[in-house]
Amino acid sequence: MQMNYYEKDKLLIFKIMEEIDEFSVKELRRKADYEIERFMPREVIFDFDCVTFMDSAGIGMIIGRYKQVGIIGGVTEVANLSNSVKRIFRMSGMLKIIPEIDLKERLKDIESKENSKEVINL
Amino acid sequence: MQMNYYEKDKLLIFKIMEEIDEFSVKELRRKADYEIERFMPREVIFDFDCVTFMDSAGIGMIIGRYKQVGIIGGVTEVANLSNSVKRIFRMSGMLKIIPEIDLKERLKDIESKENSKEVINL
Amino acid sequence: MRNKITDNNMKLEFISKSNNEAFARISVAAFVSQLDPTIEELSDIKTAVSEAVTNSIVHGYEEKQGIVTIICKIHENEIFIQVSDNGKGIENIEMAKQPLYTTKPNLERSGMGFTIMESFMDELNIESILGIGTKVTMRKKIKQTEDDEDIPVTLEEALRG
Amino acid sequence: MRNKITDNNMKLEFISKSNNEAFARISVAAFVSQLDPTIEELSDIKTAVSEAVTNSIVHGYEEKQGIVTIICKIHENEIFIQVSDNGKGIENIEMAKQPLYTTKPNLERSGMGFTIMESFMDELNIESILGIGTKVTMRKKIKQTEDDEDIPVTLEEALRG
Ligand SMILES: Nc1ncnc2c1ncn2[C@@H]1O[C@H](COP(=O)(O)OP(=O)(O)O)[C@@H](O)[C@H]1O
Ligand SMILES: Nc1ncnc2c1ncn2[C@@H]1O[C@H](COP(=O)(O)OP(=O)(O)O)[C@@H](O)[C@H]1O
């Protein structure tokens with residue numbers, strides 16, 4: 001997982017690089033929660049661009065983070081869902097509370113402003 | 001497997017695209033022998049550039065073709081051996097009778113002449 | 001030309017550790033790939049296997065260590081997959097099959113496992129006896145499309161013979 | 001950071017068809033990859049497994065159909081692989097291990113199978129009883145290198161913390 005934090009926007013982006021299952025999700029949860037607590041972001045985006053496999057463990061993982069982020073008053077979004085990931089999220093109804101956004105557009109906007117950025121490979 | 005035949009040089013090149021084991025070798029043998037009989041080449045090169053896996057079935061397959069080609073008076077060579085393929089061939093002593101050549105150099109020479117060429121995906 | 005597959009089968013047993021999930025679904029996918037499935041069919045099968053294996057590990061054996069067994073059979077163009085454990089078993093199968101129903105919300109389980117298996121495979125059957133174990137059986141037909149390599153790529157090529 | 005692997009094991013059984021060779025070596029490779037082997041170590045293991053499985057199919061069962069069994073165990077950073085069959089067995093194991101010795105030259109077998117297993121793995125052991133079957137056991141230590149992700153790529157990055 002790679003983390004990008006945009007200071008001015010208080011935006012935290014997690015780019016997930018691993019296959020998502022019950023095994024990998026334990027680490028992802030731990031790492032994401034740590035960063036969320038550390039940065040107290042206003043907005044968290046999970047980027048699925050590099051996710052080649054996901055089962056239902058991904059649903060629980062994202063909903064769990066959505067709750068964490070909600071506690072500190074932030075919003076959670078997902079981006080770059082492949083067809084199979086989208087299908088799994090849709091079945092659970094999750095996309096109704098955690099919307100999919102166009103990350104490319106969003107980043108164009110953000111990177112046009114002066115925005116100090118921090119990148120960490122978790 | 002892809003076959004390239006250069007008319008003027010009577011040169012037949014087999015570019016092997018599949019993993020080489022006891023299973024795949026049955027088809028490779030059958031196809032190679034068919035083309036060798038059809039073209040009666042003076043020279044046959046087996047190109048291993050796209051071979052991602054090979055076990056000892058590859059040794060038997062190449063030596064078998066070497067014998068076929070020998071019957072019609074042609075020579076057999078191999079090219080683009082990866083380290084692991086080379087290691088397996090070396091262990092069997094095969095490279096002493098079937099030399100490894102630099103295919104890129106060989107092709108530069110051949111394609112500089114006017115040479116009608118036939119390409120078939122087997 | 002690919003080889004015609006007649007019947008084939010395999011059996012896989014492994015320890016109920018969640019780091020075996022990737023290995024289990026890759027093995028099944030490698031076995032199924034003999035049928036030349038599409039990428040989507042293969043992905044569906046991997047996901048269904050991952051769900052069933054996770055269930056055996058997380059719900060069947062919980063913290064304990066046991067053996068998960070996968071049996072795969074190929075018959076013509078159909079794949080049959082059975083995932084079983086000797087774990088605690090399911091009390092109410094009908095309830096367990098409901099979307100979003102889970103007995104482990106604290107572990108962030110979503111309750112979507114059986115729903116995914118049911119919708120990604122053609123058939124799902126669950127047998128379970130409390131204290132004895134659970135056996136999940138799934139079937140899927142692989143739609144055999146014409147083999148790419150046999151189809152000429154352009155009309156020109158086709159005419160050239 | 002990758003997870004530390006403690007002990008793990010699996011068992012795989014399949015029909016003695018040569019189209020199962022790729023599936024068998026991929027499964028073992030997927031299992032072994034928990035130890036973070038190098039690409040070369042993984043390739044060595046796949047080759048050794050392929051040799052042993054081919055032998056069970058080609059020599060053990062010949063034209064008949066039987067079951068090939070693979071048992072894999074991980075203990076610390078060592079992998080243990082056993083390939084067995086209930087086929088015809090080997091008459092003279094010492095002779096069979098000689099490079100270039102094969103009883104099936106007509107099938108274009110090279111007689112290099114055992115030699116490759118021996119040189120690609122750290123240890124090879126063959127047990128065989130005529131008419132009962134053959135059991136080939138191999139071990140290999142995976143050299144655990146430092147994890148890339150934990151090593152800062154440049155000194156500059158290291159200093160930046
Ligand atoms: N192999 C099993 N052994 C015991 N209980 C199981 C097993 N598989 C499923 N269950 C039960 O069925 C419920 C629903 O399963 P599922 O739809 O996969 O959702 P989830 O795994 O997210 O809880 C589980 O919460 C569990 O109570
Ligand atoms: N599983 C087995 N069952 C019976 N005979 C075997 C088995 N494995 C090997 N052999 C015998 O040992 C010989 C040498 O095996 P090997 O070195 O792998 O070479 P190859 O497979 O090319 O013949 C074989 O030719 C065969 O006679």
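Protein chains get the first letters and strands the later ones, always in sequence-line order, with residue 1 at the start of each.
B:Asn83 CG: 12 or fewer foreign heavy atoms inside a 6.0 Å radius. The environment of NZ in D:Lys104 is crowded: more than 12 heavy-atom neighbours from other residues, nucleotides or ligands sit within 6.0 Å. In the displayed structure, D:Leu130 atom CG is contacted under 6.0 Å by more than 12 heavy atoms of other residues, nucleotides or ligands. Annotation for D:Gln65: atom CD counts as buried by contact number, over 12 foreign heavy atoms lying within 6.0 Å. The number of heavy-atom neighbours closer than 6.0 Å to OH of B:Tyr66, taken from other residues, nucleotides and ligands shown, is 12 or below. Counted within 6.0 Å of NZ on B:Lys96, heavy atoms from surrounding residues, nucleotides or ligands total 12 or fewer; the atom is thus considered open. At most 12 heavy atoms of other shown residues, nucleotides or ligands fall within 6.0 angstrom of atom NZ in D:Lys141. Within 6.0 Å of the NZ atom in D:Lys140, the count of heavy atoms belonging to other residues, nucleotides or ligands exceeds 12.
In this structure, the side chains of B:Arg87 and D:Phe120 come closer than 4.5 Å at one or more pairs of heavy atoms. In this structure, the side chains of D:Ser43 and B:Ser84 come closer than 4.5 Å at one or more pairs of heavy atoms. Side-chain contact between D:Met112 and B:Met94 is absent, with no heavy-atom pair separated by less than 4.5 Å.
For the set D:Leu100, D:Val58, D:Asp44, D:Thr115, the entry with the most heavy-atom pairs within less than 4.5 Å of chain B is D:Asp44. Contact tally against chain B (heavy-atom pairs below 4.5 Å) for D:Arg109, D:Glu40, D:Arg25: the top residue is D:Arg25.
When heavy atoms are compared at a cutoff of 4.5 Å, B:Lys26 approaches chain D solely by way of its side chain, counted from C-beta outward. D:Leu107 touches chain B through its backbone: at least one of N, CA, C or O sits under 4.5 Å from a heavy atom, while the side chain does not. Only the backbone of B:Met54 comes within less than 4.5 Å of a heavy atom in chain D; its side chain stays farther off. At a 4.5 Å heavy-atom cutoff, the contact between D:Thr54 and chain B is made by side-chain atoms alone.
To the nearest 0.5 Å, the span separating CD1 on D:Ile57 from CD on B:Glu22 amounts to 8.5 Å. Remark: D:Ser50 OG to B:Phe23 CZ distance equals 12.0 Å, nearest 0.5 Å. Of the inter-residue distances, the one linking B:Ile88 atom CD1 with D:Thr47 atom OG1 reads 4.5 Å to the nearest 0.5 angstrom.
Shown here for D:Ser110 and B:Gly60, the closest heavy-atom pair between the two residues is CB-N, 4.2 Å.
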Exercise for the section: Kindly indicate, with the supporting measurements, whether the criterion side-chain hydrogen bond (donor to acceptor under 3.5 Å, both in side chains) is fulfilled by B:Ser56 and D:Glu51. Expected result: CA-CA 7 Å; B:Ser56 72; D:Glu51 298 296 345; 2.7 Å; yes

Practice task
With side chain to side chain contact (heavy atoms under 4.5 Å, CB included) as the test, would you mind laying out the steps for B:Ile63 and D:Glu108 before giving the verdict?
Solution key: CA-CA 8 Å; B:Ile63 294 184; D:Glu108 300 194 348; over 6 Å; no

Exercise for the section: Could you go through the salt bridge (charged side-chain N to carboxylate O under 4.0 Å, His left out) check for B:Asp21 and D:Lys46 one step at a time? Expected result: CA-CA 11 Å; B:Asp21 61 15; D:Lys46 281 168 77 176; over 6 Å; no

